[in-house]
Amino acid sequence: MEGKGKVNGVAAMAACYQGFDPAAYLQYNYTPPRADFERKDSIVPWKLACLHRAFTEGDVRGELLVDIGSGPTLYQVLSGCEVFNKVLLTDFLEVNRQELRGWLEDEGGCNLDWTPYLQHVCKLEGRRPSAWTEKAAKLRQVITDIVPVDVHRPQPLALDALPSEGADCLVSCFCLESVSPDLAAFTRALGHIGRLLRTGGHLLLIGALGESYYFGGPGVRIPVVPLNEAQVCASLKESGYTLIRLEVYTLPQDMRVGVDDVSGVFFVKAIKE
Ligand SMILES: Nc1ncnc2c1ncn2[C@@H]1O[C@H](CN(CCC[C@H]2CNCc3c2ccc(Cl)c3Cl)CC[C@H](N)C(=O)O)[C@@H](O)[C@H]1O
């Protein structure tokens with residue numbers, strides 16, 4: 001039964017994603033209040049601060065950074081693009097890969113203005129906000145490709161997507177728990193993406209705590225496996241990672257805007273043994 005359950009759960013999840021609407025999704029999660037750069041307790045500034053610190057404290061280095069389950073968003077790699085000279089973006093859906101290509105080709109084909117994000121990360125880096133145009137150019141220069149990914153496959157990426165030694169660093173934000181029918185699938189997926197990472201490479205993982213669903217578009221209700229910190233730590237250990245740091249953000253009431261039932265967000269920096 002377990003085997004059958006595994007196939008049905010993952011197939012059912014893929015079916016839920018068919019209605020995913022990048023424009024609506026960006027509106028729900030990447031505009032105020034969840035993306036309010038004037039508020040210290042807004043979710044996006046908290047995520048950007050975690051990622052900035054993780055990429056700039058000196059231990060993360062190498063050639064290739066891979067973002068797993070990028071969705072239609074770029075915030076995940078705004079700090080990493082200054083540290084790695086190759087960045088690979090990935091997603092399960094063509095509509096999301098298309099959204100990212102729209103930004104990359106800079107022909108006004110995307111559904112969110114990333115300027116405030118670029119300016120905010122420049123400020124974190126001690127640069128003047130007007131340096132955002134240089135950061136945008138840097139990002140367009142280092143993104144080598146935008147490719148399909150499926151974290152439920154033992155090989156989540158096409159074999160020719162990565163060099164044989166693997167990626168030097170993985171970042172993945174709100175993907176694994178949002179695509180896994182249960183904790184076992186979440187842990188398996190963590191193991192699958194770990195195989196893309198070289199030994200000694202870093203994993204930067206952001207995810208939702210205590211979430212059971214979210215809306216990927218109007219009426220597009222997507223189930224999420226509710227996680228707590230202990231389960232995240234146990235899954236990391238079971239999948240061959242050593243935890244360096246875990247940080248937790250608890251949503252203030254006004255960040256709960258009806259697009260999901262998430263209660264907290266975790267940030268993990270870990271090393272693959
Ligand atoms: N088999 C599969 N294999 C691989 N990838 C798959 C699979 N199936 C589907 N995907 C792809 O995963 C991506 C999940 N995606 C949305 C969930 C986040 C959402 C819900 N939870 C709370 C919360 C959210 C967002 C912001 C905030 Cl603040 C909060 Cl709190 C993350 C996108 C981006 N990384 C982001 O950070 O917004 C999506 O792009 C699928 O196409």
Side-chain angles (χ1 to χ4, degrees), residues 6 9-36 41-48 50-51 66-78 89-100 111-112 114 117 146-157 170-181 185-186 188-190 192-193 196 204-217 220-227 248-252 255-267:
K6 187 161 73 173
V10 161
M13 187 58 80
C16 290
Y17 271 96
Q18 294 324 303
F20 191 89
D21 173 347
Y25 172 77
L26 289 167
Q27 192 59 35
Y28 297 163
N29 292 290
Y30 294 98
T31 59
R34 290 189 165 193
D36 182 341
D41 65 346
S42 178
I43 305 179
V44 165
W46 181 82
K47 295 194 275 187
L48 293 176
C50 289
L51 290 164
V66 179
D67 177 26
I68 300 292
S70 306
T73 62
L74 288 162
Y75 74 91
Q76 310 88 283
V77 292
L78 297 184
L89 301 180
T90 74
D91 199 71
F92 183 70
L93 296 174
E94 173 55 23
V95 284
N96 286 330
R97 297 193 298 267
Q98 201 46 45
E99 176 71 23
L100 292 171
N111 282 292
L112 192 84
W114 293 99
Y117 289 74
I146 303 169
V147 297
V149 67
D150 181 348
V151 297
H152 298 309
R153 292 170 186 263
Q155 286 288 352
L157 297 174
L170 292 185
V171 59
S172 186
C173 298
F174 297 113
C175 177
L176 302 187
E177 74 281 0
S178 306
V179 309
S180 298
F186 171 83
R188 272 196 307 274
L190 200 47
H192 296 160
I193 67 172
L196 304 172
L204 306 181
L205 192 65
I206 290 182
L209 294 169
E211 180 182 38
S212 67
Y213 76 90
Y214 80 98
F215 283 100
V220 183
R221 192 180 186 284
I222 296 173
V224 177
V225 54
L227 298 175
V248 174
Y249 164 97
T250 301
L251 267 74
M255 292 292 155
R256 298 169 197 238
V257 295
V259 296
D260 53 42
D261 63 346
V262 65
S263 60
V265 179
F266 66 83
F267 170 81

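Everything numeric here is computed off the predicted structure, so don't read it as measured data. Counting starts at 1 for both ligands and their atoms, in listed order. Position 1 is the first residue of the sequence, and the numbers go up from there.
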Taking side chain as C-beta onward, heavy atoms only, is Tyr30 less than 4.5 Å from Tyr117? yes
Do the side chains of Val262 and Val224 get nearer than 4.5 Å, heavy atoms only? no
Taking Ala14's backbone N and O only, do any of them form a donor-acceptor pair with Gln18's side chain (distance below 3.5 Å, no angle check)? yes
At a 4.0 angstrom heavy-atom cut-off, ligand 1 is contacted by Tyr17, Tyr25, Asn29, Tyr30, Arg34, Ile43, Lys47, Gly69, Ser70, Gly71, Thr73, Tyr75, Gln76, Asp91, Phe92, Leu93, Asn96, Val149, Asp150, Val151, His152, Cys173, Phe174, Cys175, Ser178, Val179, Glu211, Tyr214, Asp260, Val262
If the condition is ring-ring contact (aromatic ring centres under 6.0 Å, His included), which residues does Tyr249 pass it with, not counting sequence neighbours? Trp46
Only distances under 3.5 Å count here; give the side-chain donor-acceptor pairs of residues 148-155 to other protein atoms, sequence neighbours excluded, each with its distance to 0.1 Å.
| unit_1 | atom_1 | unit_2 | atom_2 | d |
| --- | --- | --- | --- | --- |
| Asp150 | OD1 | His152 | N | 2.8 |
| His152 | NE2 | Val179 | O | 2.7 |

Could you list the residues that satisfy salt bridge (Lys or Arg N to Asp or Glu O under 4.0 Å) with Asp21, not counting sequence neighbours? none
